[in-house]
Amino acid sequence: MIGNNTKNSDFCGNDGFLYGFPGKTNLLYLRMKEKVARKREGFEGQRLIVLPKKIKTDFLTKDPITRQIYITDIGYYPKAKGHYMKRSAGIGQHIIIYCVEGSGWLEINRKRVDISPSQFITIPANTPHTYSANEDDPWTIYWIHFKGDLAAYIVDLILQHAKNYKPYLPYSDSRIKLFEDIYSNLERGYTADNLRYVNMIFYHFLSSVLYEDKFNFIKHTDEKDVIAATLDLMQQKIHTRITLNEFAEFANLSVSYFSTIFRERTGYAPVEYFNHLKVQKACQYLLLPDITIKEVAESLGMDDPYYFSRMFSKLMGVSPKEYRRRNRPESL
């Protein structure tokens, strides 16, 4: 029992925790342990770069290239036991964290999200959040803070593709090499060329997150991804004529359902997309000196050169003849 002369300060430390109350020893010990264990940084093997404020204000926010997207902080925390961060008002930069080992959690917009290996979390600027490594299985993470005129728009795109702020992102040596290239070049200093270079790489890094299927493209021989398999087929059949029914049959789907999911993935109807690829190939052929426009059309499975010319003109804005005139070297 606590005496009447006992002061609150006898039981309250500078960290705000209470000590010495009977029946609460275990709980208080655990809270003390948690408080001591938590830390923002200082992990064995960690790497961290914070760009100077002067570099950001004098160059990154003004240069026509970097002001669109630029990195403010970048780091790598291996097995970051005790890693904990709470920002009640968020911060002025957008944050991306990629977990490659271990686990952790994120609290954002009143949701708690568990983070496992190969998951990528995105935290918009000025959004209250808390995140932490799990105590028993602390995460290993790559992380970047960034800003810029286009940053919020890109974050919105990423979140549209994400589920609960954590899109699945398979480990890729190529993606990690992009991160390492950014980091190693920032270590060399802050020349204008260096800053442009690393932030242009960062564009590529962000695109690898947003468009993983394109960055880590694999031939889908098992046809689990019927759209990717269909795009392979289009390349293989670029010199032939193939119908919508044949595409749907190849995908083993109804015409209507195939057309729907193809448009959702690509933004175009299947045949329209196929014609785009044909025009792309035609642009290459038209630069060859010894092939007529009619032969170009025939080589792409189109017997009617007038139909080919109309399709080409509609997409490219000029006729095949004019395209050839504008783009062939004068010596030809």
Side-chain angles (χ1 to χ4, degrees), residues 40-80 83 85 91-102 104 115 117-125 131 133 139-159 161 167 169-217:
R40 295 177 56 177
E41 54 192 53
F43 312 102
E44 184 177 355
Q46 79 169 34
R47 292 181 291 160
L48 169 68
I49 295 174
V50 178
L51 275 74
K53 181 178 180 181
K54 182 174 177 59
I55 298 299
K56 290 180 279 189
T57 56
D58 289 358
F59 183 83
L60 292 173
T61 59
K62 297 178 180 178
D63 183 75
I65 293 177
T66 60
R67 72 185 183 198
Q68 303 300 319
I69 290 282
Y70 61 90
I71 294 169
T72 63
D73 311 67
I74 184 172
Y76 167 74
Y77 290 169
K79 297 182 179 179
H83 185 209
M85 178 62 68
I91 56 172
Q93 304 93 39
H94 306 279
I95 305 171
I96 52 179
I97 301 174
Y98 181 41
C99 176
V100 294
E101 287 185 86
I115 309 301
S118 295
Q119 289 182 332
F120 185 98
I121 59 177
T122 307
I123 305 173
Y131 56 76
W139 60 18
T140 293
I141 56 172
Y142 294 85
W143 58 267
I144 298 176
H145 293 199
F146 64 101
K147 299 182 71 172
D149 295 345
L150 294 179
Y153 179 73
I154 291 177
V155 167
D156 285 343
L157 287 177
I158 294 174
L159 291 177
H161 287 74
L169 197 65
Y171 183 88
S172 167
D173 286 336
S174 298
R175 185 182 294 106
I176 297 303
K177 285 179 180 177
L178 291 177
F179 180 96
E180 296 292 351
D181 200 6
I182 291 170
Y183 191 94
S184 62
N185 275 281
L186 282 175
E187 283 186 313
R188 297 187 180 105
Y190 306 125
T191 65
D193 286 346
N194 207 34
L195 291 169
R196 292 190 187 104
Y197 176 72
V198 297
N199 285 290
M200 291 173 80
I201 296 174
F202 184 48
Y203 267 109
H204 191 190
F205 181 89
L206 288 171
S207 72
S208 80
V209 173
L210 188 55
Y211 304 111
E212 157 64 20
D213 58 330
K214 297 175 177 24
F215 178 75
N216 238 6
F217 181 75

Determine whether Y142 and E180 satisfy the following criterion, side-chain contact (heavy atoms from CB on, under 4.5 Å), listing intermediate values before the conclusion. CA-CA 10 Å; Y142 294 85; E180 296 292 351; 4.0 Å; yes
Show your reasoning for whether side-chain contact (heavy atoms from CB on, under 4.5 Å) applies to F59 and R196. CA-CA 10 Å; F59 183 83; R196 292 190 187 104; 4.0 Å; yes
I141/H83 under side-chain contact (heavy atoms from CB on, under 4.5 Å): CA gap, chis, key distance, verdict: CA-CA 11 Å; I141 56 172; H83 185 209; 3.7 Å; yes
Would F202 and F146 satisfy ring pair (Phe, Tyr, Trp, His ring centres under 6.0 Å), going step by step from the backbone distance to the final call? CA-CA 10 Å; F202 184 48; F146 64 101; 5.2 Å; yes
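The minimum heavy-atom distance between L195 and L186, with the atom names listed, is CD2-CD2, 4.2 Å. Here the closest non-hydrogen pair linking I49 and E187 is CD1-CG, 3.8 Å. Heavy atoms only, all atoms of each residue included: I69 and L150 are closest at CD1-C, 3.9 Å. Closest non-hydrogen pair, Y70 versus N199, comes out as CA-OD1, 3.0 Å. Nearest heavy atoms, G102 versus P117: O-CD, 3.0 Å. Between L60 and I71, the closest heavy-atom pair is CD1-O, 4.0 Å.
Taken from OG in S208 to OH in Y203, the straight-line distance is 15.0 Å, to the nearest 0.5 Å. The OG1 atom of T122 lies 10.5 Å from the CG atom of D156; values are rounded to the nearest 0.5 Å. With rounding to the nearest 0.5 Å, the separation of CG in L51 from CG in D73 is 7.5 Å. If you take CG on D58 and NZ on K53, they are separated by 10.5 Å, rounding to the nearest 0.5 Å. The line from OG1 of T61 to CD1 of I55 is 11.0 Å long, rounded to the nearest 0.5 Å. Atom CG of residue N185 and atom CG of residue N194 lie 5.0 Å apart, to the nearest 0.5 angstrom.
Residues I115 and Y131 are not in side-chain contact: their nearest non-hydrogen atoms beyond the backbone lie 4.5 Å or more apart.
Side chain of Y197 to backbone of A192: no donor-acceptor contact under 3.5 angstrom is found.
The one candidate from I121, I123, V209, L206 that meets the side-chain contact (heavy atoms from CB on, under 4.5 Å) condition with I96 is L206. Among the candidates Y98, W139, W143, the single residue satisfying the ring-ring contact (aromatic ring centres under 6.0 Å, His included) test with Y77 is W143.
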